[in-house]
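This report concerns only the one structure given below.
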Amino acid sequence: MAKITASVYTSHVPAIGAALDLGKSNEPYWQPVFKGYEYSRQWMKDNQPDVIFLVYNDHATAFSLDMIPTFAIGTAAEFEPADEGWGPRPVPLVLGHPELAAHIAQSVIQDDFDLTIVNKMDVDHGLTVPLSLMCGQPEAWPCPVIPFAVNVVQYPVPSGKRCFNLGKAIAKAIESFDKPLNVQIWGTGGMSHQLQGPRAGLINREFDNAFLDRLIADPEGQANVPHIDYVREAGSEGIELVMWLIARGAMADVAGGNAPKLVHRFYHVPASNTAVGHLILENT
Ligand code: DHB
Ligand code: FE
């Protein structure tokens with residue numbers, strides 16, 4: 001059977017991708033950001049998964065106001081890096097895992113979560129920047145990736161509780177797949193940031209660190225925090241953090257197993273307009 005071995009959580013700041021693509025990662029501004037992921041890149045090499053289930057949000061790239069799926073699973077064989085206005089990032093094509101993705105769709109939809117099935121979709125910085133942070137600049141990504149897009153851009157957005165419960169259903173789906181795959185689940189986006197309006201530039205270190213503490217030790221409690229608290233405390237784009245609850249809900253302890261092992265934690269301000277947060281939790 002497939003097994004979820006670890007979850008990874010990280011911000012997805014587009015300027016991080018640009019810094020890497022333009023060879024600026026050693027500049028004094030960016031150096032501390034990339035240093036926070038040095039451990040993680042080695043960890044990825046030492047803990048290479050067969051598949052990454054990557055929870056992220058599309059930023060009006062593949063979807064627009066014409067069509068706003070709350071939860072969309074990418075079932076295609078491949079996904080092109082999107083052109084977000086400056087040409088596509090020079091990163092590898094993302095290969096999918098149609099067989100596992102179709103199995104997850106079947107199981108999760110029968111578990112009462114109404115996923116949208118997406119057979120063609122370009123993937124934006126929400127998905128490619130986390131891959132770059134964790135894997136560097138390889139010729140090919142280390143394994144297939146199942147993109148799972150969550151609407152946190154256009155209201156109404158899903159609650160943290162719904163995301164957490166969805167994570168549980170995803171874990172059940174993955175662990176009932178009849179092949180011995182090592183699967184990681186990644187929750188991406190966040191941390192506190194607001195890109196527009198009078199509060200543009202908002203960062204809340206206290207909120208972010210309390211979120212990290214609670215995501216690790218009391219995810220059920222964190223799942224009960226209403227969306228408006230994220231918006232008020234962490235800024236309008238801080239709502240991206242609910243996606244981390246999907247990955248956390250898929251960890252073994254939530255289904256009665258052992259508590260996960262925290263193997264890496266990193267927090268840094270600033271990167272562009274946002275705080276960068278990052279965790280790696282292993283199932284034990
Ligand atoms: C920035 C952050 C984001 O999460 C995003 O999607 C776009 C821009 C920023 O900090 O500039
Ligand atoms: Fe974003």
Side-chain angles (χ1 to χ4, degrees), residues 8-22 24-25 27 29-30 32-34 36-37 54-65 68-72 74 79 81-89 91 94 121-134 147-158 160 163 186-205 207-208 211-212 227 230-247 266-279:
V8 171
Y9 308 81
T10 179
S11 304
H12 65 211
V13 196
I16 291 178
L20 205 61
D21 300 343
L22 301 171
K24 295 184 174 182
S25 52
E27 289 188 357
Y29 181 88
W30 290 112
V33 175
F34 288 101
Y37 288 82
L54 205 159
V55 181
Y56 76 109
N57 70 291
D58 178 78
H59 299 75
T61 306
F63 306 120
S64 69
L65 292 180
I68 307 164
T70 302
F71 298 116
F79 305 89
D83 183 347
E84 297 179 64
W86 297 268
R89 289 190 61 212
V91 292
V94 174
M121 171 167 73
D122 290 351
V123 285
D124 74 10
H125 69 269
L127 182 132
T128 62
V129 167
L131 283 172
S132 296
L133 280 167
M134 294 299 293
F148 190 87
V150 179
N151 169 43
V152 285
V153 168
Q154 178 62 35
Y155 282 77
V157 298
C163 289
W186 294 12
T188 66
M191 298 203 76
S192 58
H193 62 305
Q194 171 144 347
L195 301 177
Q196 72 279 304
R199 296 201 307 164
L202 178 145
I203 302 281
N204 186 342
R205 291 170 197 255
F207 177 95
D208 287 340
F211 176 88
L212 293 174
H227 85 274
Y230 290 88
V231 178
R232 190 184 296 120
E233 301 295 327
S236 50
E237 278 64 51
I239 190 64
E240 290 180 346
L241 282 172
V242 293
M243 295 185 290
W244 294 31
L245 283 162
I246 297 180
F266 174 64
Y267 183 74
H268 175 80
V269 176
S272 187
N273 304 293
T274 153
V276 171
H278 173 40
L279 295 174

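Counting convention: from 1, in listed order, for ligands and their atoms alike. Quick note: numbers below take in every heavy atom, side chains included, and nothing from hydrogens, waters or symmetry partners.
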- Task: Using a strict cut-off of 4.0 Å, indicate which atoms of ligand 1 neighbour a heavy atom of Thr274.
- Result: 2 (C), 10 (O)
- Query: Got the closest protein heavy atom to atom 4 (O) of ligand 1, with its distance?
  - Reply: His193 NE2, 2.7 Å
- Task: Decide whether the shortest distance between a heavy atom of Ala15 and an atom of ligand 1 is less than 4.0 Å.
- Result: no
- Task: Answer yes or no: is there a donor N or O on one side and an acceptor on the other, between the side chain of Trp30 and the main chain of Ala271, under 3.5 Å?
- Result: no
- Do Val157 and Val242 have side chains that get closer than 4.5 Å, going by heavy atoms? no
- Query: Is His59 close enough to the Fe ion (ligand 2) to have an N, O or S atom under 2.8 Å?
  - Reply: yes
- Query: Would you call the rings of Tyr37 and His278 parallel, tilted or perpendicular, where under 30° means parallel and over 60° means perpendicular?
  - Reply: parallel
- May I ask you to identify, for His59, whether its side chain, its backbone, both or neither come under 4.0 Å of ligand 1 on a heavy-atom basis? side chain
- Message: Is any side-chain heavy atom of Leu212 closer than 4.5 Å to one of Asp208?
- Response: no
- Query: Does the side chain of Glu84 come under 3.5 Å of the side chain of His125 through a donor N or O and an acceptor N or O?
  - Reply: yes
- Message: Parallel, tilted or perpendicular, judged at 30° and 60°: which one describes the rings of Phe211 and Trp244?
- Response: perpendicular
- Message: Could you identify the single nearest non-hydrogen protein atom to atom 1 (C) of ligand 1 and state the distance to 0.1 Å?
- Response: Pro14 CD, 3.6 Å
- Verify the distance test for Glu240 against the Fe ion (ligand 2): any N/O/S atom under 2.8 Å, yes or no. yes
- Do any of the N, O or S atoms of His193 sit under 2.8 Å from the Fe ion (ligand 2)? no
